[in-house]
Amino acid sequence: MISVEDFVKRYAVDRHNTDSVKWDGMDELFGTNDLLPLWVADTEFKVPEEVTDALKRRIEHGVYGYSKTPDSYYKIYCKWQSERYGTEIQHEWIRFSTGVVQSLSTLVNILTQPDDAVMILQPVYYPFMKVIKQNDRRLITSDLKQNGTSYEMDLEDIKNKIEKNHVKLFINCSPHNPVGRVWNRDELEALLELCRQEKVLFISDEIHHDLIVGKKTFVSALSIKDGFYRDNTVMVDSASKTFNLAALQNSHVVMPNPQVRERYDHYMERLAAPAGSIIGKIAAEAAYASGAEWLDGLLNVVRSNYEYLKENLHKYCPEAIVYDLEGTYLAWVDLSAVIEPEHLEYVIEKKAHLAVDFGAMFGKAGKGFIRVNLATTPANIKAATTALIEQIQY
Ligand SMILES: Cc1ncc(COP(=O)(O)O)c(C=O)c1O
């Protein structure tokens, strides 16, 4: 297994002047490009060599005419899902899109009507709120319940709100960004069963499913009770978060239900919408075929960065709480006891010189928190931790 030091030496790269949103586009949000960026959820690491080689072969061929998705792509994606997670996916269930958020927006349009109620758990990745509101659907939220330094779903509240608001669609984040939960089989089954009984369609955003940091095993909504809830479920994911491929615009929409697929195909035909990119597919196929060891290396870096942040904040500033991280490479940190939530942005940006996502962006329950991207070098995490401690120790 590749060590943290070797992984960083081999893959970490300076991303300045590459039109990176995180590094070169910071000024749009933060007014400067001089902060240490730990915000956008991509990584500072080059892709596995096999991915670069596959892309080079295609680039050297030099022709980018109309292309189809090769059978080998479906095979390798289904194999990855089956062997690593026991998720059985059939070739004909899969469609492609340019990104998971685009898929969410498309699915909201296909599966609901204007003014229908769509439910999410908060705090959550903010585009969930956006795709619901911007498509003129009613946003219904249920707050995750805090349980020590973790969170759980409030099933009773979810049930009451589904019934009261006649919810038509539920969008779940699994694993959950930003709170870092990898949902247990029992929790997912209870939620899926509730949605089935209440006739609520279910979208499972599983883009973070390869980023399992703790000891839990990831379980897809598609495999709960041997696939019992498949007909009611659409799963969306991508190799982009795992292997740092977001700009190559290739993601999956997995629809076991043939009627849902028919509606999806009809809608996409009407839009004449693009279905991913061949460059993105070449990269993802090579990553699924050869990237397992690289992924283990990345996860070790994330674990080590998480431990460093947690231990040091605990030691020097125990009132700053780093929440449990079961999945994703995003740490969820409660600073409300050490920085007045009203002053949080000022202290983090102007004093600690960090660019992070502020918790309030993920819903009101996130006020006073920050989300820290750990998929970076240990040196960056050390610098960020030191800068934070300097600001909050006294
Ligand atoms: C839960 C979740 N879904 C989707 C995305 C973005 O996916 P895409 O870039 O494919 O739209 C992210 C990125 O952080 C995410 O955390």
Side-chain angles (χ1 to χ4, degrees), residues 20-22 25 29 37-44 47 77 94-109 118-132 134-135 141 144 151 170-183 188 202-213 218 220-221 234-254 273-277 279-281 283-284 287 298 302 325-332 355-359 361-363 366 369-376:
S20 136
V21 171
K22 189 196 266 169
L29 199 66
L38 303 162
W39 59 307
V40 178
D42 60 18
T43 86
E44 309 317 321
V47 295
Y77 170 62
I94 305 167
R95 298 293 183 272
F96 294 92
S97 85
T98 56
V100 166
V101 175
Q102 188 227 306
S103 307
L104 292 176
S105 183
T106 302
L107 289 164
V108 163
N109 273 287
V118 182
M119 188 171 206
I120 54 170
L121 304 177
Q122 269 187 343
V124 79
Y125 178 58
Y126 35 87
F128 278 27
M129 280 78 94
K130 241 174 145 180
V131 296
I132 296 167
Q134 285 181 340
N135 285 302
T141 63
L144 289 165
Y151 286 86
F170 192 103
I171 308 180
N172 195 38
C173 193
S174 174
H176 190 99
N177 169 13
V179 308
R181 278 298 318 275
V182 172
W183 303 113
L188 284 176
F202 195 84
I203 298 177
S204 189
D205 178 342
E206 300 184 1
I207 193 170
H208 293 277
H209 76 264
D210 293 316
L211 302 161
I212 304 302
V213 181
F218 170 75
S220 169
V234 176
M235 188 275 276
V236 287
D237 79 351
S238 164
S240 61
K241 205 68 40 191
T242 313
F243 292 107
N244 216 12
L245 304 171
L248 299 187
Q249 305 205 323
N250 176 58
S251 78
H252 313 122
V253 185
V254 180
S277 90
I279 292 293
K281 283 174 188 158
L298 172 73
V302 174
L325 187 66
E326 297 175 342
T328 82
Y329 50 62
L330 307 161
W332 187 236
V356 298
D357 274 2
F358 292 100
M361 297 160 78
F362 301 87
F369 286 69
I370 57 170
R371 193 194 73 172
V372 178
N373 185 335
L374 300 166
T376 184

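Start at 1 and go down the list; that is how both ligands and their atoms are numbered. All residue numbers in this chain count up from 1 along the given sequence.
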Counting distance only, does the side-chain N/O of [X] pair as donor-acceptor with the main-chain N or O of [Y] below 3.5 Å?
| X | Y | answer |
| --- | --- | --- |
| Thr328 | Leu211 | no |
| Asp210 | Ala239 | no |
| Arg371 | Val356 | no |
| Glu206 | Ala221 | yes |

Would Asn177 count as a polar contact of ligand 1, with the cut-off being nitrogen or oxygen pairs under 3.5 Å?
yes
Return a yes/no value for Ser240: is any of its N or O atoms, backbone included, closer than 3.5 angstrom to an N or O of ligand 1?
no
Quick check on contacts: which atoms of ligand 1 are under 4.0 angstrom from a heavy atom of [X]?
| X | result |
| --- | --- |
| Val101 | 6 (C), 11 (O) |
| Gly99 | 10 (O), 11 (O) |
| His208 | 1 (C), 15 (C), 16 (O) |
| Asp205 | 1 (C), 2 (C), 3 (N), 4 (C) |

Any idea which part of [X] is under 4.0 Å from ligand 1, heavy-atom wise: side chain, backbone, both or neither?
| X | value |
| --- | --- |
| Ala41 | side chain |
| Ile207 | side chain |
| Lys241 | side chain |
| Cys173 | side chain |

Among side-chain atoms of [X] and [Y], is any donor-acceptor pair under 3.5 angstrom?
| X | Y | answer |
| --- | --- | --- |
| Tyr77 | Asp237 | yes |
| Asp357 | Tyr126 | yes |
| Thr43 | Asn244 | yes |

Name the closest protein heavy atom to atom 8 (P) of ligand 1, giving the residue it belongs to and the distance to 0.1 Å.
Val100 N, 3.4 Å
When distances are taken from atom 6 (C) of ligand 1, the protein heavy atom at minimum range is Tyr125 OH, 3.3 Å
Taking C-beta and beyond as the side chain, do Gln122 and Met129 meet within less than 4.5 Å on heavy atoms?
yes
